Novice: 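Below is the structure I would like to discuss, written out as structure tokens.
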Amino acid sequence: MAKFARKRKPNYFRLAKEHIGSKLHFLPMSWLTSIKPLILLFWLIVIYTVYANWSVLLESLDRTPIRAYALTHKTQFTTNADIRETLAKEPVLKGYFAQDIQEVKDKLLQLSWVKDVIVRKSYPDRLSISLVEHKPVAVWNNIHYLSDQGVVFSLPPERFDKTGLPIMFGPDAESKEVLEAWGKIQTELAFRNLSLKSLAMDNRGSWSITLANNIELRLGRGEWTPKIDRFMMIFPEIEVPEGQRLGYVDLRYEHGAAVGFYPIQK
């Protein structure tokens, strides 16, 4: 008697699952490829929005504006009143997160005698300030000062006694050259037992010096040394009229010199 195998019914659920799985196997790559530009565009928009509103975001974190400061060391010329008045100028101080340090530095550098500034923020509302001040080494054009680097700056008159400082004159743009010349001429005069009181350069680059005995030497342009040597040669031969003093010796000539006298002040 023949046996017949029982025919199994197909598992439609498994077949459907396999069919859908085979379809989905190809979906992720094509789907990601199409959406990548959108993801990139989204993040670019987010980054730009944060960047464009950065200051606003920082300001939102600040509870109060900066209200106090501390100097890290004692200053010679700068007072607390100077700092308070300077920091109070526009633009007004912001909070810890929003305040630009360079903005504070620029304010303090407006003080003529301040050479450099270091500023740090201290949470939540303080500044730590270090000031480097110019040191005056000469009086410049009777109203300003020169630093040891030839920088022209001003000081309130009551804060510094300029007695005994060298006196120099000239265009502000030539201050470094004048300071350099002072050192060279002073050295040359010292070899001749002379001392320098003041030095001047005019707009044409012509030089004149005043010795400690108040005699002015008009050197003009060019080399100084031969003219100073010429003065040393003729000085003992100059006859000074009674009641007068030797005022100047004009050495701008190729040979010889012209002299001038001033009345003796009684």
Side-chain angles (χ1 to χ4, degrees), residues 51-183 198-203 205:
Y51 174 78
N53 296 279
W54 184 247
S55 60
V56 176
L57 292 173
L58 287 178
E59 287 180 12
S60 67
L61 298 175
D62 289 323
R63 296 181 180 179
T64 61
I66 289 173
R67 295 184 292 189
Y69 71 89
L71 282 175
T72 59
H73 62 277
K74 188 177 180 180
T75 55
Q76 183 178 1
F77 308 119
T78 310
T79 65
N80 283 317
D82 293 327
I83 297 177
R84 284 196 301 270
E85 290 172 10
T86 302
L87 294 180
K89 294 179 180 178
E90 294 289 340
V92 296
L93 293 177
K94 301 175 183 176
Y96 175 86
F97 293 103
Q99 182 58 56
D100 182 4
I101 289 297
Q102 188 59 48
E103 191 176 275
V104 178
K105 288 183 64 174
D106 291 342
K107 278 186 175 184
L108 293 170
L109 286 172
Q110 292 174 12
L111 297 172
S112 176
W113 59 88
V114 172
K115 178 182 178 181
D116 196 13
V117 184
I118 299 173
V119 180
R120 293 183 176 89
K121 293 185 285 188
S122 179
Y123 189 81
D125 59 0
R126 292 174 65 86
L127 294 175
S128 173
I129 300 174
S130 299
L131 296 181
V132 180
E133 299 173 320
H134 290 298
K135 303 301 180 185
V137 298
V139 178
W140 181 251
N141 291 332
N142 279 334
I143 55 174
H144 299 301
Y145 294 93
L146 277 188
S147 74
D148 54 358
Q149 295 179 330
V151 177
V152 179
F153 67 98
S154 301
L155 277 173
E158 70 280 0
R159 297 188 194 176
F160 184 71
D161 182 7
K162 61 184 179 181
T163 304
L165 280 184
I167 303 169
M168 303 182 196
F169 300 89
D172 286 354
E174 307 299 334
S175 58
K176 292 183 180 179
E177 184 179 352
V178 174
L179 182 62
E180 206 173 290
W182 174 277
S198 71
L199 170 66
M201 184 182 82
D202 65 19
N203 292 325

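Treat the numbers as computed from the prediction; the structure is a model and nothing was measured. All values below come from the heavy atoms of this structure, side chains included, with hydrogens, waters and symmetry mates left out.
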Novice: Can you find a heavy atom in the side chain of Asp82 that is under 4.5 Å from one in the side chain of Thr75?
Specialist: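 The answer is no; the side chains never approach within 4.5 Å.
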Novice: Out of curiosity, Leu108 CG to Leu87 CG, how far, rounded to the nearest 0.5 Å?
Specialist: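 The CG atom of Leu108 sits 5.0 Å away from the CG atom of Leu87.
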Novice: Can you tell if the side chain of Leu93 reaches within under 4.5 Å of the side chain of Val104, non-hydrogen atoms only?
Specialist: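 Leu93 vs Val104: side chains touch.
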Novice: Would you indicate whether Arg159, at its atom CZ, is surrounded by more than 12 heavy atoms from other residues, nucleotides or ligands within a distance under 6.0 Å?
Specialist: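 Yes, because the 6.0 Å sphere around CZ of Arg159 holds more than 12 heavy atoms from other groups.
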Novice: Could you give the distance from OH (Tyr96) to CG (Leu127), rounded to the nearest 0.5 Å?
Specialist: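 Between atom OH of Tyr96 and atom CG of Leu127 there are 10.5 Å.
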Novice: Do Lys107 and Pro91 have side-chain heavy atoms sitting under 4.5 Å apart?
Specialist: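 Of all side-chain heavy-atom pairs linking Pro91 with Lys107, at least one is under 4.5 Å.
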Novice: Of all heavy-atom pairs between Val92 and Gln99, which one has the smallest distance, and what is that distance?
Specialist: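 The answer is O-OE1, 4.3 Å.
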Novice: With sequence neighbours excluded, what pairs up with Thr72 under the side chain to side chain donor-acceptor pair (under 3.5 Å) test?
Specialist: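 Only Ser130 meet the side chain to side chain donor-acceptor pair (under 3.5 Å) criterion with Thr72.
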Novice: Return the set of residues passing side chain to side chain donor-acceptor pair (under 3.5 Å) with Gln110 (not counting sequence neighbours), or none when no residue passes.
Specialist: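 Gln110 satisfies side chain to side chain donor-acceptor pair (under 3.5 Å) with no residue once adjacent residues are dropped.
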Novice: Are the side chains of Phe153 and Ser112 in touch, meaning some heavy atoms are under 4.5 Å apart?
Specialist: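 Yes, at least one pair of side-chain atoms sits under 4.5 Å.
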Novice: To the nearest 0.5 angstrom, please state how far the OG atom of Ser154 sits from the OH atom of Tyr145.
Specialist: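 Between Ser154 OG and Tyr145 OH, I get 9.5 Å after rounding to 0.5 Å.
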Novice: Rounded to the nearest 0.5 Å, what separates atom CG in Asp106 from atom OG1 in Thr86?
Specialist: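 Going from CG on Asp106 over to OG1 on Thr86, the span is 12.5 Å.
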Novice: Provide the closest heavy-atom pair for Phe169 versus Ser198 in the form atom of the first, atom of the second, distance.
Specialist: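 Of all heavy-atom pairs spanning Phe169 and Ser198, the closest is CE1-CB, 4.5 Å.
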Novice: For residues 132-143, which residue pairs pass the side-chain hydrogen bond (donor to acceptor under 3.5 Å, both in side chains) check, not counting sequence neighbours?
Specialist: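 Output for this query lists Gln76-Lys135, Thr78-Glu133, Trp140-Asp172.
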Novice: Would you mind reporting whether Phe77 and Leu111 have side-chain heavy atoms less than 4.5 Å apart?
Specialist: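 No. Closest side-chain heavy atoms not under 4.5 Å.
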Novice: Taking all heavy atoms of Leu155 and all of Pro136, pick out the closest pair and write down the distance.
Specialist: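 Where Leu155 meets Pro136 most closely, the heavy atoms are CD1-CG, 4.3 Å.
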Novice: Should Phe97 and Lys121 count as side-chain neighbours, where that means a heavy-atom distance under 4.5 Å?
Specialist: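 They are not in side-chain contact.
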Novice: Please name the pair of heavy atoms, one in Ile167 and one in Trp182, separated by the smallest distance, quoted to 0.1 Å.
Specialist: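 Residues Ile167 and Trp182, closest heavy atoms: O-CZ3, 4.0 Å.
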Novice: Does the side chain of Lys115 come within less than 4.5 Å of Ser147's, by heavy atoms?
Specialist: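 No, too far: nothing below the 4.5 Å cut-off.
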Novice: Evaluate the side-chain proximity of Leu146 to Val152: yes if any heavy-atom separation is below 4.5 Å, no if none is.
Specialist: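 A side-chain contact exists here, since the closest heavy-atom pair is under 4.5 Å.
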Novice: What are the two closest non-hydrogen atoms of Met201 and Val178, and how far apart are they?
Specialist: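 What the structure gives for the nearest pair is CB-CG2, 4.1 Å.
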Novice: Please find the pair of heavy atoms, one from Ser175 and one from Gly150, that lie closest to each other, and give the distance.
Specialist: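 Smallest heavy-atom distance, with atoms named: OG-O, 2.6 Å.
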